[in-house]
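Just so it is clear, the values below take in all heavy atoms, side chains as well, and ignore hydrogens, waters and symmetry mates.
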Amino acid sequence: MTHGGTADAGADGDSHRWAYGWRRVMLGTGMLVFPALTVGGVAHTASGTAAVAGYTSVGAFVVCYVLTSVAMARGRQRRAELLAAALTALFMAALPFAHADAFFLATVVVSCVAVLRPGWATAAVLTGTLGAVLLPWAVRPWHSGPGWFQALALLFTSLTVRVFSEIATTNRALVAARAEVARLASEAERNRIARDLHDLLGHSLTAITVKSRLAQRLAEKDPDASLAEMAAVENLSRQALADVRAAVSGYREVTLAAELARGRELLRAAGVVADLPSATDSVAQAHRELFGWVVREGLTNVVRHARATRCTVLVADTAVEIRDDGRGGGVSGQGNGKGLAGLRERVAVAGGSVEAGPLSPRGWRLRVSVPPEGRRPHDRVREGREGRAAPEVPEAREGNS
């Protein structure tokens, strides 16, 4: 006796619809007990033509109730409300023939109203209960006192139906919420894979391109060196394939030390003097993977866009900075490209900040700062609200070449 909802996706939705459908059928069928009790009342209080009229009213009530249940199950609110109004009229038509027992039909009517119009539920229950108590006592020709039994049946049955309807609505909402969570998780995973593939392939393909050009230049002057560069290209291709597979499966690992080593080789192949730290002990363990992504993205952009002759990487416990002496501002990919957008997302998750901009008189700087290990990102916000300045991130220390 509740509204039909939107079809739920997946096995959970199917099992929910199956269980809820059977419960609804059982509850709806159980409500037919009340018209049967009313038939007994007609047989007890009427005879002849009056009894026939009473039985006809109850029969019409049953037919109308079945149609109402079907309309509610299919979610046809307007039709169900019109049929509920017809049920009310048939209940009133049965009153002269069934007397107090006609309020068993009112139990069905009030239950339908409690489901179709939850805002009217309290008023309908109170009206039906008081009517069952007072009307048989007030109509003296019926020769009966207050209909306590009918009132109690109406009260508790309608409340039970209302509770069942609320539980069913809550269950549908939970199933819909689970489907939405699954959709968002799938979307987040797709975004993660897209971001990782961009970062992984952007670095690897840039390195392959640079080394291939270097091998071409060395082919005539130094064939052995050219062959060594092509062997390095093969290794890079294999590593890129392994990285892509790992990114898709969700088990890739990026470390600062590895990215510095790869970056030194990439810059060398591109003809850029590399001033990179040889150790990463000063960086907290929790920040090394993030700083690895920063170094990968920053050095890839230097090789791709900067046309620099020198590149410097500075690392500290809570910051990493990449500088070059290239073309600086206005270079595609060095401002707000997809690579930096993905990097900003990673840094934002860690509660850090990204600074990227041109240097004077030429060059470009990318700096990422994160809160100290164990410090929550919102601590600095709270301190700012209290009027205390957030502590300065330590200046990055230049490592050995």
Side-chain angles (χ1 to χ4, degrees), residues 1-2 24-73 76-117 120-165:
M1 292 188 58
T2 55
R24 181 175 58 197
V25 169
M26 291 175 63
L27 181 61
T29 303
M31 297 293 288
L32 294 175
V33 170
F34 296 108
L37 293 173
T38 305
V39 168
V42 172
H44 179 71
T45 59
S47 59
T49 305
V52 172
Y55 296 144
T56 302
S57 299
V58 175
F61 185 94
V62 171
V63 173
C64 189
Y65 167 69
V66 172
L67 295 176
T68 304
S69 298
V70 172
M72 293 168 70
R76 297 178 179 177
Q77 176 83 9
R78 182 60 178 169
R79 177 180 296 184
E81 290 176 352
L82 292 175
L83 290 169
L87 287 176
T88 304
L90 290 170
F91 150 69
M92 297 179 67
L95 272 174
F97 311 109
H99 298 176
D101 289 335
F103 280 94
F104 288 125
L105 300 181
T107 299
V108 179
V109 175
V110 172
S111 298
C112 291
V113 172
V115 174
L116 291 170
R117 293 284 185 173
W120 297 2
T122 301
V125 171
L126 289 177
T127 300
T129 302
L130 291 176
V133 171
L134 299 178
L135 190 61
W137 169 79
V139 180
R140 295 299 180 183
W142 289 4
H143 302 292
S144 62
W148 295 112
F149 179 70
Q150 291 83 354
L152 290 174
L154 186 150
L155 175 63
F156 288 108
T157 301
S158 56
L159 290 178
T160 299
V161 170
R162 179 60 198 153
V163 169
F164 175 85
S165 176

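- In this structure, Asp101 CG and Phe34 CZ are separated by 12.0 Å, a value rounded to the nearest 0.5 Å.
- Using modelled atom types, no side-chain atom of Thr38 and backbone atom of Ala102 make a donor-acceptor pair closer than 3.5 Å.
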Applying side chain to side chain contact (heavy atoms under 4.5 Å, CB included), run through Met31 and Thr157 and close with a yes or a no.
CA-CA 9 Å; Met31 297 293 288; Thr157 301; 3.9 Å; yes
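- Side chain of Ser57 to main chain of Leu90: no donor-acceptor pair is present (N/O by atom type, distance under 3.5 Å, no hydrogens or angles).
- Side-chain contact between Glu81 and Arg117 is present, with heavy atoms from C-beta onward closer than 4.5 Å.
- The two atoms that bring Ala124 and Val110 nearest to each other are O-CG2, 3.7 Å, heavy atoms only.
- When atom types are taken as modelled, the side chain of Ser158 and the backbone of Leu155 share a donor-acceptor pair closer than 3.5 angstrom.
- Contact annotation: the side chain of Leu83 never approaches that of Tyr65 to less than 4.5 Å [non-hydrogen atoms, C-beta and beyond].
- When all heavy atoms of Pro35 and Val62 are compared, the pair lying nearest together is CB-CG2, 3.6 Å.
- Annotation: side chain of Leu95 is in contact with side chain of Leu135 (closest heavy-atom distance under 4.5 Å).
- Closest heavy-atom contact between Leu105 and Phe61: O-CZ, 3.4 Å.
- Annotation: side chain of Phe97 is not in contact with side chain of Thr45 (no heavy-atom distance under 4.5 Å).
- Interatomic distance, Met72 CE to Gln77 CD, rounded to the nearest 0.5 Å: 8.0 Å.
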Kindly determine whether Phe149 and Phe104 satisfy side chain to side chain contact (heavy atoms under 4.5 Å, CB included), including the steps that lead there.
CA-CA 10 Å; Phe149 179 70; Phe104 288 125; 3.4 Å; yes
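- Smallest separation of non-hydrogen atoms from Pro136 and Ala100: CG-CB, 3.6 Å.
- Closest heavy-atom contact between Thr68 and Ala80: CG2-O, 4.0 Å.
- Residue Leu87 comes nearest to Cys112 through the heavy atom pair CD1-SG, 4.2 Å, listed as atom of the first residue, atom of the second, then distance.
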